[in-house]
Amino acid sequence: MWIIMYISYVLMGFSFLLLGVNGLMGYFDFIFLGANHIQFALVSSILYMFTETLIMFYFIITGKKIKEYIKDNECDPSLYNGVIKMKMKLFPHIMVNMIIIGAQFILGGAVHSGSIPAWFHGILFDIGFIHFVWVIIIQHRCFKENTELVINLYDQVKLKRSA
């Protein structure tokens, strides 16, 4: 559990850096690490999508394990409400951001072919990137909440067994 969380943080950082560099490449038209804007966008988008998918599955699987732990140890089922609230905070933002960044990548081809103006592509990038910063903040808070929930649940079961 902890290793996946740490890997998620590292991948969030890389995604942030790659998307940021890619945005700068789009605005200032330069080559980075031998890749042009389109090539770098492909790598950035793939890493970003992988990262966000991994984070979603992390919360899905830990939620499932918490639910099983609550059931197996005959704890109060209302303890699972924290998991539900956390997912309701996090998942809509992740999905919206994935749609924005995915659409941004696809619309890059439309800009390249002249179907849409570059300024629209730039504004959509700005919106997606700013929202991604907000998503990172939410993800961090949810990782903390999830960790606290697991620790509190473990402590409650430990107290219950010792009594």
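The analysis underlying the following values was restricted to heavy atoms, covering all of them including side chains, and did not include hydrogens, waters or symmetry mates.
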Listed partners of Leu149 passing side-chain contact (heavy atoms from CB on, under 4.5 Å), at least two apart: Ile66, Val83
Partner set under side-chain contact (heavy atoms from CB on, under 4.5 Å) for Ser113, not counting sequence neighbours: Ser115
Pair Thr62-Val150, side chain to side chain contact (heavy atoms under 4.5 Å, CB included): steps then yes or no: CA-CA 9 Å; Thr62 56; Val150 168; 5.8 Å; no
Working for side chain to side chain contact (heavy atoms under 4.5 Å, CB included), residues Trp2 and Thr147: CA-CA 9 Å; Trp2 307 113; Thr147 302; 3.3 Å; yes
Counterpart residues, side-chain contact (heavy atoms from CB on, under 4.5 Å), relative to Asp155 (two or more places apart): Ile151
Test of ring centre spacing under 6.0 Å for Phe129 and Phe16: yes
Under the salt bridge (Lys or Arg N to Asp or Glu O under 4.0 Å) test, residues paired with Lys67 that sit two or more places apart: none
Pairs flagged by side chain to side chain donor-acceptor pair (under 3.5 Å) wherever residues 86-111 is involved - sequence neighbours left out: Tyr48-Asn97, Lys89-Glu145, His93-His131, Asn97-His131, Gln104-His121
Backbone N/O of Asn36 and side chain of Gln39: donor-acceptor pair under 3.5 Å: yes
Partners meeting side-chain contact (heavy atoms from CB on, under 4.5 Å) with Ala118 (sequence neighbours left out): Val111
Set of residues satisfying side-chain hydrogen bond (donor to acceptor under 3.5 Å, both in side chains) with respect to Asn152, sequence neighbours excluded: none
Quiz: residues 21-28 side-chain donor-acceptor pairs under 3.5 angstrom, not counting sequence neighbours:
residue	atom	partner	partner atom	Å
Asn22	OD1	His37	ND1	3.3
Asn22	OD1	Ala41	N	3.3
Tyr27	OH	Gly122	O	3.0
Tyr27	OH	Asp126	OD1	2.8
Tyr27	OH	Asp126	OD2	2.9

Partners meeting salt bridge (Lys or Arg N to Asp or Glu O under 4.0 Å) with Glu68 (sequence neighbours left out): Lys64, Lys65
side-chain hydrogen bond (donor to acceptor under 3.5 Å, both in side chains) involving Asp76 - partner list, sequence neighbours excluded: Ser78
Pairs involving residues 22-33, ordered by first then second residue, that meet salt bridge (charged side-chain N to carboxylate O under 4.0 Å, His left out) (sequence neighbours left out): none
Contacts under 3.5 angstrom, residues 49-61 side chains, donor-acceptor by atom type, not counting sequence neighbours:
residue	atom	partner	partner atom	Å
Thr51	OG1	Ser15	OG	3.2
Thr51	OG1	Leu47	O	2.8
Glu52	OE1	Gln139	NE2	2.4
Thr53	OG1	Met49	O	2.7

